[in-house]
There are 2 protein chains.
Amino acid sequence: MQKNPLSHRMASKTIQLVDASGNPVTGKEVAIHQTNHKFLFGCGIFDVIPIANRNVPEDRLAYLEQKLDLFLEVFNFATLPFYWGMFEPEQGKPRTKELQVAARWLKERNIAVKGHPLCWHTATVPWLLDLSNEDILKAQFARIERDVTDFKGLIEMWDVINEVVIMPIFDKYDNGITRISKDLGRVGIIKEMFAKTRESNPGATLLLNDFNTSINYEILIDGCLNAGIPIDAIGIQSHQHQGYWGREKLEEVLERFSHFGLPIHFTENTLTSGHLMPADIEDLNDYQIPEWPSTPEFEERQAREVEEMYSILFQHPLVEAITAWNFSDEGAWLGAPAGLVRTDNTPKPAYDVLKQRIKGDWSTQVTTRTDENGRVSFEGFLGEYELVCGGTKVTFKIEKEGEPEPLTFN
Amino acid sequence: MQKNPLSHRMASKTIQLVDASGNPVTGKEVAIHQTNHKFLFGCGIFDVIPIANRNVPEDRLAYLEQKLDLFLEVFNFATLPFYWGMFEPEQGKPRTKELQVAARWLKERNIAVKGHPLCWHTATVPWLLDLSNEDILKAQFARIERDVTDFKGLIEMWDVINEVVIMPIFDKYDNGITRISKDLGRVGIIKEMFAKTRESNPGATLLLNDFNTSINYEILIDGCLNAGIPIDAIGIQSHQHQGYWGREKLEEVLERFSHFGLPIHFTENTLTSGHLMPADIEDLNDYQIPEWPSTPEFEERQAREVEEMYSILFQHPLVEAITAWNFSDEGAWLGAPAGLVRTDNTPKPAYDVLKQRIKGDWSTQVTTRTDENGRVSFEGFLGEYELVCGGTKVTFKIEKEGEPEPLTFN
């Protein structure tokens with residue numbers, strides 16, 4: 001018998017239905033329906049900010065709402081932007097309220113939210129350059145303490161620090177974060193930022209995130225863990241503008257980053273439906289073209305690649321989240337056709353493929369009858385469920401640990 | 001006034017000469033002569049083993065003694081081989097006595113000795129392959145404890161672990177050390193080996209050593225230090241069979257590895273007096289040729305490169321040791337003409353250049369007269385000295401710290 005390659009994503013559940021007097025409800029039809037996944041299927045979905053705050057013209061709002069409806073049909077996880085330079089463009093005037101409204105909007109729709117990132121050398125605030133390194137560190141600490149505290153209960157997951165492998169040798173322009181990373185060293189700055197974030201929200205899930213998937217990042221993580229830094233999950237970026245990694249590289253990366261035994265999040269995934277960026281471009285930001293069209297042929301390629309990549313990641317026991325970096329081509333990074341929907345909000349084949357997987361093949365729907373003891377038993381994907389029997393509905397969870405235990409429903 | 005670029009290698013000393021009654025010895029000629037350097041100028045000099053043990057034929061012994069005389073004329077530091085596979089070719093029969101005799105021979109000649117290496121995936125013992133990983137680790141610990149203890153007082157400096165960047169991904173052949181490094185992780189195995197070595201000889205100087213000078217090694221060191229691993233000095237290999245790094249790369253490597261503030265040892269330096277190995281060879285061990293001659297033209301190049309490289313390193317305040325990996329072409333690694341002397345024991349220009357620097361330009365010899373208080377004052381390179389006045393001789397040291405304080409001589 002072949003082992004189910006997704007058995008680590010599933011568990012068994014037994015529910016007993018009893019009536020008001022405590023007698024088993026036998027031979028009745030029940031409908032069981034998975035309403036949410038434990039696995040995090042996400043997108044970078046910054047458009048939630050204007051939608052939730054309703055601070056754009058009506059026609060723009062309608063367009064964005066249409067986009068978001070498509071997002072909500074499939075996904076359960078969203079990354080919101082906390083780039084310091086955009087979050088606090090004027091010193092002392094952070095966009096806290098606006099982002100809280102956005103995070104609450106998502107929370108009300110049962111979408112888990114991650115804040116990205118708390119510390120990064122890119123898109124940081126320019127006024128750090130006027131400070132001494134000691135004061136830059138203080139400002140960065142204050143920023144973390146303020147924002148992580150302000151969003152407690154709304155955001156329980158943070159990309160604490162971003163792209164540390166390159167951070168101290170980043171030389172495109174001077175910035176405050178590179179300056180302090182030179183002082184503290186890579187492991188040192190990670191240690192400080194994690195400690196401050198942990199202190200500000202002890203229960204949050206904290207990630208280290210990098211686009212570097214080489215041995216550099218492996219050694220950095222190894223050093224951090226040996227230095228006692230409480231990393232909850234390893235964040236791996238996978239912007240594949242220059243071509244899909246393919247099964248071999250993907251499995252090789254998974255193998256190498258699995259040694260730590262930590263959860264792995266694919267935090268920023270890009271597979272475009274356009275021509276490939278030339279392989280000789282080293283920094284993706286250097287590729288600037290006036291138009292990067294999505295074409296039917298490349299949309300089919302994107303769909304195949306998305307299907308394979310998500311399948312490999314969903315089968316891997318340590319992967320707990322995949323975030324498509326751009327939900328839509330509209331406003332996508334580098335102008336690439338990186339979205340799952342086009343600029344006119346029509347779904348691409350990749351969207352349909354993902355919806356079929358996430359809401360179909362990897363989701364559990366059961367219609368059955370209670371047995372002579374009023375019981376129904378089934379195996380389902382981990383996550384949240386509702387069960388309907390007659391006019392009554394109950395919600396429950398399927399979790400890996402502590403399972404199976406019968407649930408009584410009356 | 002230009003700052004002396006070697007001022008960090010020097011200190012001032014004042015000595016007062018008094019006679020048996022305590023009266024200053026005025027107007028007398030004194031000769032001051034540096035007998036040893038604080039800086040470690042070394043070679044890999046494994047030939048000490050047969051010489052000290054006198055276990056080779058007479059003519060071979062005479063040849064080796066001639067070689068060693070040339071070594072002793074210039075150097076004050078020697079690396080002895082502790083490759084496990086050669087040190088204990090038959091399990092339970094380590095060559096302890098033989099190596100103790102060699103280390104003692106060097107110690108008697110005022111040569112500091114380093115043991116190389118205690119843990120390495122190459123040239124380790126094959127019988128580790130029959131053990132469980134748990135037992136491999138125990139065997140490696142036992143090896144360290146035994147050997148570091150057996151050589152206490154003779155060897156106070158160890159390359160604790162060698163080439164860890166590649167260790168867990170080394171795939172040329174299976175070996176016990178790669179196996180346990182996969183289990184422990186890079187920082188983990190370094191931590192374990194340093195702890196065991198430190199426990200076995202708390203006062204010893206312990207090095208991490210690698211040929212990888214990339215960001216990988218930087219991040220590894222950063223991780224180790226943040227994990228509290230007591231690294232005393234950073235070991236950098238510089239086998240330049242494919243061509244001299246040149247000033248720019250050398251200074252760039254020094255700059256990057258200086259951030260840790262730790263002493264830096266150039267542990268294995270090679271600059272050949274032959275043709276260059278082709279640049280496309282990735283593992284130097286793959287280059288096997290029947291003959292690799294030393295030529296007059298390339299000997300001149302080697303001398304220029306040796307002079308520049310040693311000058312740059314001697315000027316750098318954190319560098320404390322340079323080891324020429326092969327003193328002689330005879331028996332040099334890969335058959336390369338890597339020595340400072342030829343196979344017939346004639347010195348190459350590089351030998352003469354180094355001797356001129358080490359025993360001349362970077363050494364202090366003073367002839368002067370005591371003043372009206374019986375004093376002589378001078379600035380000298382750090383190290384050991386003797387002072388001769390009339391028929392009397394005294395030895396003293398010039399050290400950076402606690403200087404200057406007058407020394408009374410009577």
Side-chain angles (χ1 to χ4, degrees), chain A residues 121 133 160-161 163-171 178-195 208 210-231 234 249 251-262 282 318, chain B residues 121 133 160-161 163-171 178-195 208 210-231 234 249 251-262 282 318:
Chain A
H121 49 275
N133 283 12
V160 175
I161 183 164
E163 302 179 1
V164 180
V165 170
I166 207 178
M167 189 175 275
I169 53 173
F170 178 83
D171 59 4
T178 289
R179 287 189 193 170
I180 59 169
S181 75
K182 284 185 191 188
D183 277 6
L184 296 165
R186 292 180 177 86
V187 178
I189 193 168
I190 296 170
K191 188 187 262 179
E192 296 287 353
M193 297 308 139
F194 268 75
L208 185 67
D210 215 302
F211 68 87
N212 187 314
T213 59
S214 79
I215 196 175
N216 287 315
Y217 191 34
E218 277 180 85
I219 298 178
L220 181 63
I221 295 167
D222 189 25
C224 288
L225 297 177
N226 275 280
I229 300 173
I231 297 170
I234 296 168
K249 171 167 176 184
E251 289 179 342
E252 184 257 341
V253 168
L254 285 168
E255 203 271 332
R256 287 191 289 112
F257 289 91
S258 293
H259 288 162
F260 304 107
L262 284 175
E282 279 192 27
L318 285 174
Chain B
H121 50 275
N133 284 11
V160 175
I161 183 164
E163 302 180 2
V164 180
V165 170
I166 207 178
M167 188 175 277
I169 53 173
F170 179 82
D171 58 4
T178 288
R179 287 189 193 170
I180 59 170
S181 75
K182 284 185 190 188
D183 276 6
L184 296 165
R186 292 180 178 85
V187 179
I189 193 168
I190 296 170
K191 188 188 262 179
E192 295 288 352
M193 298 309 139
F194 269 76
L208 185 67
D210 214 302
F211 68 87
N212 187 315
T213 58
S214 79
I215 196 176
N216 287 315
Y217 191 33
E218 277 181 85
I219 298 177
L220 181 62
I221 295 166
D222 189 25
C224 288
L225 296 177
N226 274 281
I229 300 173
I231 297 170
I234 296 167
K249 171 167 176 185
E251 288 179 341
E252 184 257 341
V253 167
L254 285 168
E255 203 272 330
R256 287 192 288 112
F257 289 90
S258 293
H259 288 161
F260 304 107
L262 284 175
E282 279 191 25
L318 286 174

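All values reported here derive from a predicted model rather than from experimental measurement. Per chain, numbering begins at 1; letters A, B, ... match sequence-line order.
With a 4.5 angstrom heavy-atom cutoff, A/Lys191 touches chain B only via side-chain atoms. Neither the backbone nor the side chain of B/Ile190 comes within contact range of chain A; no heavy atoms are under 4.5 Å apart. Within the 4.5 angstrom heavy-atom criterion, no atom of A/Leu225 approaches chain B.
Counting heavy-atom pairs closer than 4.5 Å to chain B, the top residue among A/Val165, A/Ile229, A/Asn216 is A/Asn216. Looking only at heavy-atom pairs under 4.5 Å with chain B, the residue among A/Leu220, A/Asp183, A/Asn226 that has the most is A/Asn226. Listed options A/Pro168, A/Cys224, A/Gly223 were ranked by heavy-atom pairs under 4.5 angstrom with chain B; first place goes to A/Gly223.
For B/Phe194, there are no ring-ring contact (aromatic ring centres under 6.0 Å, His included) partners two or more places apart in sequence or in a different chain.
Interatomic distance, A/Ile215 CD1 to B/Ile219 CD1, rounded to the nearest 0.5 Å: 10.0 Å. Here the straight-line distance linking atom CD1 of A/Ile169 with atom OG of A/Ser181 works out to 9.5 Å at 0.5 Å rounding.
Between the side chain of B/Arg256 and the backbone N or O of B/Thr213, at least one donor-acceptor pair lies under 3.5 Å.
Aromatic ring centres of B/Tyr217 and B/Phe211 lie farther apart than the 6.0 Å criterion allows.
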